[in-house]
2 protein chains.
Amino acid sequence: MSFQNNTMDECCTVNLTVRYLTKKWTLLIILELYKGDNYTRRFSELKASLPDITPKILSERLQELEAENIVSKKIDASIVPVKSEYTLTESGVELIGVIRDIKYWALKWKIDNIPCGSQECKLCKL
Amino acid sequence: MSFQNNTMDECCTVNLTVRYLTKKWTLLIILELYKGDNYTRRFSELKASLPDITPKILSERLQELEAENIVSKKIDASIVPVKSEYTLTESGVELIGVIRDIKYWALKWKIDNIPCGSQECKLCKL
DNA sequence: CCGTATCCGACTTGATACTG
DNA sequence: CAGTATCAAGTCGGATACGG
């Protein structure tokens, strides 16, 4: 989570970007948001769509993405229970191209593996 | 390195691909190979280009990439010291598009950060 | 419902040393 | 040069608890 104590500081923006985009779950979270109406999903929806992620890690990743302006958060505290929504920003939506590229690459070179379309698959509906 | 003990088994090919491509250092190694003549680099050259990677991790990643047919390895043991070369396969070269996308995204949305072109930058010469 | 906090074990990565 | 061995450090996962 913190990049302060290593050599990230010395890296240029692009190198830095690769590093946090490739953190575990990050791309899959972005994809889940993309699939929601208006690129928006609630915390519990994300949790349900990513069965193996823990609330702790999901919370951490969302905060990181918010800090990078890839995701914006909106809370409606006027109702109970509180309603919170996470939405891809414009820059966030543009990251979908990266994920789509990976999908096409995988379909081209790895088609001999498990067929897509199962409930477990978070990428193949892209 | 081993995906046997977690839920990776239940994932489809594409999801699986995201997981290993986003392991730390993987994309940067692919990029370094891409920048070499004939998409080829020696172990020590990769090590030198990625100052913060340890030989252990570099070795592990190269083995993983070789197993995925993204990198091919050639060893000339007839000479001393032994000469080993790692080359991007056709599928490996096609992954450069993913990295290039990330670069363009970063340059578009993160240009207010550290300028590129320094020795430390492994991506901006792409 | 929406999280954050904690504790802890497992896995991943890092630092350093060392060999053919 | 091209790695492997060893051990330390960091990140992630699992369970559970708790507060807004």
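Everything numeric in this text was worked out from a predicted model, so none of it was measured. Just so it is clear: chains get the letters A, B, ... in the order the sequence lines come, proteins before strands, and each one is counted from 1.
If you measure from atom NZ of B:Lys47 to atom C1' of C:dT16, you get 12 Å, rounded to the nearest angstrom. For B:Leu28 and C:dT13, the CG to P distance is 13 Å, given to the nearest whole Å. Straight-line distance from the NZ atom of B:Lys74 to the P atom of D:dC1: 18 Å, rounded to whole Å. Between the CD atom of B:Glu64 and the C1' atom of C:dT12 there is a distance of 11 Å, given to the nearest Å. For the pair B:Ile53 CD1 and C:dT16 P, the computed distance is 16 Å after rounding to whole Å. The nearest whole Å value for the distance from the NZ atom in A:Lys23 to the C1' atom in C:dT13 is 13 Å. What separates CG of A:Leu58 from C1' of C:dA5 is a distance of 16 Å, to the nearest Å. Nucleotide D:dC1 holds its C1' atom 12 Å from the CG atom of B:Asp76, rounded to whole Å.
A:Leu27 places a side-chain heavy atom less than 4.5 Å from the side chain of A:Ile102.
In terms of position on DNA chain D, the residue among B:Ser44 and A:Ile57 whose nearest nucleotide sits closer to the 5' end is B:Ser44.
Contact annotation: B:Arg61 side-chain N/O to C:dT13 OP1/OP2 distance is under 4.0 Å. Contact annotation: B:Trp25 side-chain N/O to C:dG14 OP1/OP2 distance is under 4.0 Å. One finds no side-chain N or O of B:Arg42 lying less than 4.0 angstrom from the OP1 or OP2 phosphate oxygen of D:dC1.
Using cut-offs of 30° and 60° for the angle between ring planes, the B:Phe43 and B:Tyr86 rings count as tilted.
Set against D:dC1, C:dC2, D:dG13, the side chain of A:Thr54 has D:dG13 as its closest nucleotide.
Put simply, the side chain of A:Arg61 gets close to the backbone of A:Lys24: a donor and an acceptor are under 3.5 Å apart.
Side chains of B:Glu68 and B:Tyr20: a donor-acceptor N/O pair is present below 3.5 angstrom, by distance only.
A salt bridge does not link A:Lys73 to A:Glu66: none of the charged nitrogens lies less than 4.0 Å from a carboxylate oxygen.
For the pair B:Arg19 and A:Trp25, the cation-pi criterion (under 6.0 Å, within 45° of the ring axis) is fulfilled.
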Do any N or O atoms of the protein come closer than 3.5 Å to N or O atoms of nucleotides 3-9 of chain D, and which pairs are they?
from, atom 1, to, atom 2, distance (Å)
D:dG3, OP1, B:Lys73, NZ, 3.0
D:dG3, OP2, B:Ser84, OG, 2.8
D:dG3, OP2, B:Tyr86, OH, 2.6
D:dT4, OP2, B:Ser59, OG, 2.7

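The one candidate from A:Leu28, A:Leu62, A:Ile53 that meets the side-chain contact (heavy atoms from CB on, under 4.5 Å) condition with A:Leu46 is A:Leu62.
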